[in-house]
Colleague: 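Got a structure for you, written out below as structure tokens; questions coming shortly.
Letters A, B, ... mirror the listed sequences (proteins, then strands); counts begin at 1. Note: hydrogens, waters and symmetry copies are ignored here, and every other heavy atom, side chains too, is used.
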Amino acid sequence: MEQPIVELQDVRFTYPDGTPALAGVDLSVARGQTLGLIGPNGAGKSTLLLHLNGILKQEGSVRICGTRVSDRDLALIRGKVGLVFQDPDAQLFMPTVFDDVAFGPLNMRLPGHAARDAVIRALELVDMLPAMKRSSHHLSFGEKKRISLATVLSMNPEILVLDEPTSNLDPKHRRGLIELLKELPVTKVIATHDLEFVIELCDSVAVLDRGTIVAQGGVAEVLSDKRLLESHGLEVPHSLRKDAHCHIPGNREKSLHLPLEHIQ
Amino acid sequence: MKHAFLDEYSRLDSILHRRDPVAKIIALFACIVFVVLTPPEHMRSFVLYFFVLSCLVAISRVPPLFVMKRSFEMMPIVFCIALFIPFYRSGVAVFSLNIGPARLAVTHTGLLLMWNVLVKAYLSIVCSILLVNTTDFVDLLKGFERLRMPRLLVMIVSFMYRYLFVIEDELEKMQVARASRCAREGGWGQIRTLANIVGVLFIRSYEKAETVYLAMCCRGYTGPVRAMHDWRMTRNDVYFCAFVFIILILIRFSGV
């Protein structure tokens with residue numbers, strides 16, 4: 001069997017103030033797979049994502065493409081793992097969109113023309129090439145989110161790690177993001193509360209609560225387990241509910257339309 | 001949120017806007033140096049400098065009223081400093097003020113020095129307004145970088161430019177939230193709330209800075225900042241610099 005591209009063994013992390021965030025996480029993702037990471041607020045999802053490229057590390061082992069994440073290999077690991085933060089204002093820190101998307105490739109020591117090509121390719125992918133010379137501050141939230149994605153796509157990563165990619169996105173931009181991610185042939189790890197998004201995009205799902213993985217498996221299998229989800233602050237998504245095709249309860253009774261005889 | 005600009009008119013199109021930022025930095029910095037090195041008695045030289053700068057403003061298509069407004073916004077700071085100069089110079093007293101037992105004498109050399117500070121500061125301010133409003137802020141930073149300004153300093157200013165408005169938006173949101181919850185608060189209560197808002201703003205900026213640093217590390221940042229430049233000095237840029245230099249030298253050494 002092929003070695004998993006992401007492999008975590010007994011990863012533990014405690015914040016300096018003593019708050020335990022991860023209490024022994026074991027997780028593996030096969031190459032080309034898309035894993036949805038779900039869990040209640042404060043479960044440790046974002047902390048876990050920061051372990052995947054060595055930003056945070058304390059105890060346990062994290063392996064990316066078979067290489068153990070250590071200080072010595074950080075440059076290599078960060079070239080393979082592209083992490084997009086939830087807040088695009090944190091992800092986009094350079095004065096123009098071009099500089100932001102070029103930041104990663106230039107740090108990977110790509111020569112000027114290759115870096116420029118990578119920037120143009122990444123911006124074309126997210127359909128934001130015309131905004132190349134603009135300042136990030138002057139973009140809409142949806143545009144910022146797409147450019148945040150371009151900032152890591154320009155590094156040509158093998159693993160794409162996204163933290164809440166659909167938060168605050170309107171339906172049109174959310175749909176655009178789903179279509180874009182579907183087309184990207186890389187391994188993806190996505191932390192989100194948007195369970196419908198997980199259903200559409202992910203091959204498997206892991207539930208994280210209080211710093212441990214409490215369940216991992218196929219999307220339909222995990223997301224239709226009402227008892228499991230409710231005991232961890234989640235709920236079965238609407239499209240997987242058995243009563244999903246029923247009318248919205250009470251709609252008819254609460255109708256404000258008066259019967260015809262009343263009008264007459 | 002509203003889109004604010006530091007460099008409001010930098011996206012216009014004029015001969016001055018099309019010049020390489022490096023050429024503009026050199027030319028306008030030379031203007032400042034020449035203005036500063038002109039002796040205070042050379043009144044006509046200052047008038048000519050002002051005339052040259054006015055011509056540049058006209059060429060740049062930046063509204064003269066805007067330049068005037070901006071320059072007068074900055075003058076009070078200079079004025080605060082210059083106000084005390086006439087009292088600190090020894091020499092022939094023009095007039096004196098008696099405040100109780102103290103006698104403050106205003107001297108002729110003191111007044112001349114005050115005029116000197118005011119006029120030189122004003123002309124330098126006009127130069128900087130012209131530079132900032134004819135060059136996109138990002139290009140300006142890259143220009144400084146090409147002139148070997150330390151990258152770390154450039155980076156600090158570029159972060160300031162990127163996040164100034166983010167913080168402003170944040171402040172605005174908190175002000176709206178405050179106003180939504182207290183209709184009648186005034187006086188001391190308002191000041192106390194404002195102090196809390198400032199505190200929260202500081203903590204949020206600090207946290208944002210930490211996340212930004214993490215985001216930089218995620219994309220391979222290890223210390224040195226690497227960036228790409230699109231500008232290159234053309235023959236016209238060299239002519240522009242040479243032209244400004246010749247005018248400045250003529251004004252300074254023509255004996256007026």
Side-chain angles (χ1 to χ4, degrees), chain A residues 46 49-50 52-56 74-113 115-116 119 132-141 144 148 151-152 154-155 157 161 163, chain B residues 1-8 10-11 21 135-145 151 154-170 173 204-232:
Chain A
S46 299
L49 297 190
L50 289 172
L52 299 183
N53 64 354
I55 292 285
L56 297 180
L74 275 188
L76 178 82
I77 298 291
R78 287 177 187 170
K80 286 184 193 292
V81 180
L83 196 152
V84 183
F85 283 68
Q86 181 181 357
D87 177 10
D89 273 327
Q91 184 79 19
L92 306 176
F93 44 78
M94 294 295 275
T96 66
V97 167
F98 180 89
D99 289 326
D100 244 319
V101 183
F103 187 86
L106 289 176
N107 277 328
M108 287 165 72
R109 309 286 169 92
L110 247 64
H113 60 92
R116 188 176 293 273
V119 172
M132 192 159 81
K133 291 205 178 248
R134 289 172 68 189
S135 160
S136 312
H137 175 68
H138 299 134
L139 302 169
S140 74
F141 190 85
K144 281 189 205 171
S148 299
T151 60
V152 298
S154 63
M155 295 167 76
V161 180
D163 194 358
Chain B
M1 285 286 149
K2 67 180 191 305
H3 292 165
F5 289 98
L6 276 185
D7 43 355
E8 243 175 294
S10 63
R11 285 157 193 87
T135 321
D136 189 274
F137 199 81
V138 176
D139 291 333
L140 190 66
L141 285 182
K142 289 188 175 174
F144 278 115
E145 201 174 310
R151 276 236 165 112
V154 176
M155 201 69 186
I156 290 171
V157 182
S158 97
F159 276 126
M160 183 209 75
Y161 179 69
R162 170 71 184 88
Y163 288 102
L164 194 64
F165 303 116
V166 175
I167 292 171
E168 197 193 331
D169 285 351
E170 197 92 0
K173 277 183 218 161
R204 283 198 194 165
S205 321
Y206 190 85
E207 279 174 353
K208 186 149 273 175
E210 257 182 5
T211 327
V212 169
Y213 177 68
L214 290 185
M216 289 170 75
C217 290
C218 286
R219 272 141 67 193
Y221 175 76
T222 47
V225 180
R226 297 176 180 88
M228 286 166 80
H229 304 295
D230 326 316
W231 287 90
R232 202 159 278 168

Colleague: Please evaluate residues B:D136 and B:K142 with respect to the criterion salt bridge (charged side-chain N to carboxylate O under 4.0 Å, His left out), reporting the C-alpha separation (whole Å), side-chain torsions for both, the decisive distance (0.1 Å), and the verdict.
Modeller: CA-CA 10 Å; B:D136 189 274; B:K142 289 188 175 174; over 6 Å; no
Colleague: Which of the residues B:C218, B:A209, B:S158 is involved in the greatest number of heavy-atom pairs with chain A at under 4.5 angstrom?
Modeller: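 Among B:C218, B:A209, B:S158, the one with the most close pairs to chain A is B:C218.
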Colleague: By a 4.5 Å heavy-atom criterion (distance strictly below it), what part of A:R109 contacts chain B: side chain, backbone, both, or neither?
Modeller: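 The answer is the side chain of A:R109.
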Colleague: Using heavy-atom distances under 4.5 Å, tell me whether A:M155 contacts chain B through its side chain, its backbone, both, or neither.
Modeller: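 Contact with chain B involves the side chain of A:M155 alone.
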Colleague: Are the side chains of A:H137 and A:L92 in touch, meaning some heavy atoms are under 4.5 Å apart?
Modeller: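 Sidechains of A:L92 and A:H137: no contact.
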Colleague: In terms of heavy-atom proximity below 4.5 Å to chain A, should B:M155 be classed as side chain, backbone, both, or neither?
Modeller: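 Just its side chain gets close to chain A.
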Colleague: At a 4.5 Å cut-off on heavy atoms, which part of A:D100 comes close to chain B: side chain, backbone, both, or neither?
Modeller: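 Backbone plus side chain of A:D100, per the 4.5 Å heavy-atom cut-off to chain B.
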Colleague: Taking all non-hydrogen atoms of both residues, which atom of A:A90 and which atom of B:T211 are closest, and how far apart?
Modeller: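 Smallest interatomic distance, heavy atoms only, reads CB-CG2, 3.9 Å.
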Colleague: By a 4.5 Å heavy-atom criterion (distance strictly below it), what part of A:T151 contacts chain B: side chain, backbone, both, or neither?
Modeller: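 Both the backbone and the side chain of A:T151 come within 4.5 Å of chain B.
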Colleague: I'd like to check A:K144 versus A:L139 (side-chain heavy atoms, cut-off strictly below 4.5 Å). Are they in contact?
Modeller: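 The answer is yes; the side chains approach within 4.5 Å.
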Colleague: Could you go through residues 75-85 of chain A and list every donor-acceptor pair under 3.5 Å that involves a side-chain atom there, pairing it with any protein atom two or more places apart or in another chain?
Modeller:
unit_1: A:R78; atom_1: NE; unit_2: A:N53; atom_2: O; d: 3.0
unit_1: A:R78; atom_1: NH1; unit_2: B:C217; atom_2: O; d: 3.4
unit_1: A:R78; atom_1: NH2; unit_2: A:G54; atom_2: O; d: 3.2
unit_1: A:K80; atom_1: NZ; unit_2: A:E158; atom_2: OE2; d: 3.4

Colleague: Considering only heavy atoms, which portion of B:Y213 lies under 4.5 Å from any heavy atom of chain A: side chain, backbone, both, or neither?
Modeller: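 Contact with chain A: none, neither part.
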Colleague: Do B:M216 and A:F103 come within less than 4.5 Å of each other through their side chains, counting heavy atoms only?
Modeller: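 Of all side-chain heavy-atom pairs linking A:F103 with B:M216, at least one is under 4.5 Å.
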Colleague: If you count heavy-atom pairs under 4.5 Å between each of A:L56, A:D89, A:L74, A:D99 and chain B, which one has the most?
Modeller: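 Result: the option with the highest number of such pairs is A:D89.
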